[in-house]
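The structure under discussion appears below in the form of structure tokens.
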Amino acid sequence: MHSRFVTMMLFPLALASVARAESNAQPYFAGMSPDAEMVLIADVESLLASPLIQQIQAMVQSMSPSENPNALPMGLTEFTGATNQDLGKIVVSTRDVMLLQEIDDPSTVSKEQIEQTGVMLAFQINKGIGADSFQQWVESVTPPEELAKTSKSEVGKGLLYNSEGQTGMAMGFLPSDAQTMIFVGSEPSVKTALTTGSGKLPAKVATAETLSATLPNLAVLAAPSAAWKQQLVSSADEKFTSAEDAEFIKQAEQFLFGFNITDGLTILSGIKFANDAIANKAYTAMDESITEFKATPIEPGPMSLLAPLINKMQVTEDGDAVTFSTGMNAGESQQMLMMLPMLVMSQMSQGMGPGGPGMGAPAGE
């Protein structure tokens, strides 16, 4: 009944299953392929400062009181003293989403494949870390047989760790007095990052970054290649009954999808279309679907928690771009958070019951 609405709202999320970003050069964009078709930016510093995230952390901590809630994974805190409170931004990018999807086991992927994907992971730590401490951490997390095949060399103002075998990604360590960057990707990309020390968001997603006045603290920007677009269109043709929905996907050129989490929650989706005419058609279709969706009574139960999100849905049109947004304020987010454990337990108990999923009952009955 609401297939068109769901299609348009979740289209960017489907692309990502896989705002305005900083336009000036930044260290977390260093080494990124200028042809990157997908960029994920997580402002961890902002996320961890969010009262909503802090409440979730407290809930998780109460279930595992013996664990250090601020410790970074893989023993990084133990060797460097850095905690998750020192994290800045984490950026993941690739210039070939289709090829990246084909990689099942990262440990066996060839260096040539890594270079073809143009994948780059950048981790910003707002704390100075010494080369000796970092070396000790590398030695602690690398198996002896792999460590024996790993070379270390000075590149630019940092260090390059590279496997001498045919598989694996390179890692770069770029220190400064108050900030440390860790890069993981192909050898050429990491070398570029260590040499330049900074970079800019690719021009390919330049329009996507303007689909919001401010960048959500968790955002995906993308400009699908022809191959990726064909996959999306084929999927739309199979799953959606409306030919118009598939046409919207064909005409979409760039998108932004993001969550902004503070004391409340904002969900944002923006699509840049090929022209104003198709954008207007998409806007009209989404506006009609949202109106219909809001008019549908919400049955008592778990879906009632989503009432604020449904009531605040809105779509706007600006030339060849269409944006969708919704959200919850602090009180509404708090209520949902309080109900979340009960909801999870309810779903788990239903799944374990005689007629629950996994026990032979057809899904949806």
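The analysis underlying the following values was restricted to heavy atoms, covering all of them including side chains, and did not include hydrogens, waters or symmetry mates. As the structure is a prediction and not an experimental result, all values here were calculated from the model.
By the 4.5 Å heavy-atom criterion applied to side chains, Glu154 and Leu159 are counted as neighbours. No side-chain heavy atom of Ile90 sits under 4.5 Å from any side-chain heavy atom of Leu121. Using a 4.5 Å cut-off on side-chain heavy atoms (C-beta onward), Thr192 and Met120 make no contact. Contact annotation: the side chain of Asp96 never approaches that of Gln116 to less than 4.5 Å [non-hydrogen atoms, C-beta and beyond]. Put simply, the side chain of Met286 does not reach to within 4.5 Å of the side chain of Phe248, judged on heavy atoms. Looking only at side-chain heavy atoms (C-beta outward), Asn275 and Asp320 stay at 4.5 Å or farther from each other. Using a 4.5 Å heavy-atom threshold, the side chains of Leu72 and Leu87 count as touching. A 4.5 Å side-chain heavy-atom check between Ile41 and Tyr28 finds every atom pair outside the cut-off.
Shown here is Asp318, whose CG atom has no more than 12 heavy atoms of other residues, nucleotides or ligands within 6.0 Å. Heavy atoms from other residues, nucleotides or ligands lying under 6.0 Å from NZ of Lys191 number 12 at most. The environment of Glu146 atom CD is dense: over 12 non-hydrogen atoms of other residues, nucleotides or ligands sit within 6.0 angstrom. Residue Lys157 qualifies as open at atom NZ: its count of foreign heavy atoms under 6.0 Å is 12 or below. Residue Lys281 qualifies as open at atom NZ: its count of foreign heavy atoms under 6.0 Å is 12 or below.
Ala219 and Leu256 make their closest contact through CB-CD1, 4.0 Å (heavy atoms, listed as atom of the first residue, atom of the second, distance). Closest of all the heavy-atom pairs between Pro202 and Met32 is CD-SD, 3.3 Å. Closest non-hydrogen pair, Glu37 versus Arg95, comes out as OE2-O, 3.6 Å. Here the closest heavy-atom approach between residue Val205 and residue Ala223 is recorded as CG1-N, 3.8 Å. In terms of heavy atoms, Ala321 sits closest to Leu211 at CB-CD2, 3.6 Å. The minimum heavy-atom distance between Leu265 and Ser333, with the atom names listed, is N-OG, 3.7 Å.
To the nearest 0.5 Å, atoms OG (Ser46) and CG (Asn260) are separated by 6.5 Å.
A donor-acceptor pair under 3.5 Å is formed between the side chain of Gln113 and the backbone N or O of Ser110. A donor-acceptor pair under 3.5 Å is absent between the side-chain atoms of Ser198 and the main chain of Pro27, judged by distance alone. At distances below 3.5 Å, not a single donor-acceptor pair connects side-chain atoms of Thr117 with backbone N or O atoms of Thr94. No donor-acceptor pair closer than 3.5 Å links the side chain of Lys111 to the backbone N or O of Glu187. At least one donor-acceptor pair under 3.5 Å links the side chain of Asn311 to the backbone N or O of Ala307. Side-chain N or O atoms of Ser93 include none that pairs as donor or acceptor with a backbone N or O of Ala36 at under 3.5 Å. The main-chain N or O of Ala252 is found under 3.5 Å from a side-chain atom of Lys229 such that the two form a donor-acceptor pair. Thr180 contributes a side-chain N or O that, together with a main-chain N or O of Lys127, makes up a donor-acceptor pair within less than 3.5 Å. The backbone N or O of Gly264 sits nowhere less than 3.5 Å from a side-chain atom of Asn329 that would complete a donor-acceptor pair. Between the side chain of Gln254 and the main chain of Thr207, a donor-acceptor pair closer than 3.5 Å is present.
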- [ ] Begin from the C-alpha positions of Ile182 and Ile129 and carry the test side-chain contact (heavy atoms from CB on, under 4.5 Å) through to its verdict.
- [x] CA-CA 11 Å; Ile182 299 175; Ile129 298 175; 5.7 Å; no

Task: Stepwise side-chain contact (heavy atoms from CB on, under 4.5 Å) test for Val322 and Val315 - done: CA-CA 7 Å; Val322 175; Val315 60; 3.5 Å; yes

- [ ] Decide yes or no on side-chain contact (heavy atoms from CB on, under 4.5 Å) for Ile290 and Gln314, but give the supporting numbers first.
- [x] CA-CA 7 Å; Ile290 288 175; Gln314 62 178 2; 6.0 Å; no

Task: Thr83 vs Thr77, side chain to side chain donor-acceptor pair (under 3.5 Å): CA-CA, chis, key distance, verdict - done: CA-CA 6 Å; Thr83 69; Thr77 296; over 6 Å; no

Open item on the list: Under the criterion side-chain contact (heavy atoms from CB on, under 4.5 Å), I'd like the reasoning laid out for Tyr161 against Phe134: C-alpha separation, chi angles, the key distance, then a yes or no.
Closed with: CA-CA 11 Å; Tyr161 290 84; Phe134 190 79; 3.7 Å; yes

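Criterion: ILVMFWY side-chain heavy atoms under 4.5 Å apart, direct or through other members. Under it, Val119 and Leu99 are not part of a common hydrophobic cluster. Note: the hydrophobic cluster containing Met328 also contains Phe293 (ILVMFWY, side chain heavy atoms under 4.5 Å, direct or indirect links). Note: the hydrophobic cluster containing Leu309 also contains Leu52 (ILVMFWY, side chain heavy atoms under 4.5 Å, direct or indirect links). A continuous path of ILVMFWY side-chain contacts below 4.5 Å connects Val138 to Phe79, so both sit in one hydrophobic cluster.
Of the N and O atoms on the side chains of Glu288 and Thr284, not one donor lies less than 3.5 Å from an acceptor on the other residue. In the model, Gln124 has no side-chain atom that pairs as donor or acceptor with a side-chain atom of Glu45 under 3.5 Å. No side-chain N or O of Thr80 forms a donor-acceptor pair with one of Ser133 less than 3.5 Å apart. Side-chain N/O atoms of Gln101 and Gln231 include a donor and acceptor closer than 3.5 Å.
Between Phe255 and Trp228, the ring planes lie perpendicular to each other; the angle is over 60°, past the 30° to 60° tilted range. The aromatic rings of Phe259 and Phe257 sit perpendicular, their planes meeting at an angle over 60°, well past the 30° parallel limit.
By the 4.0 Å N-to-carboxylate-O rule, Glu145 lies too far from Lys149 to be salt-bridged with it.
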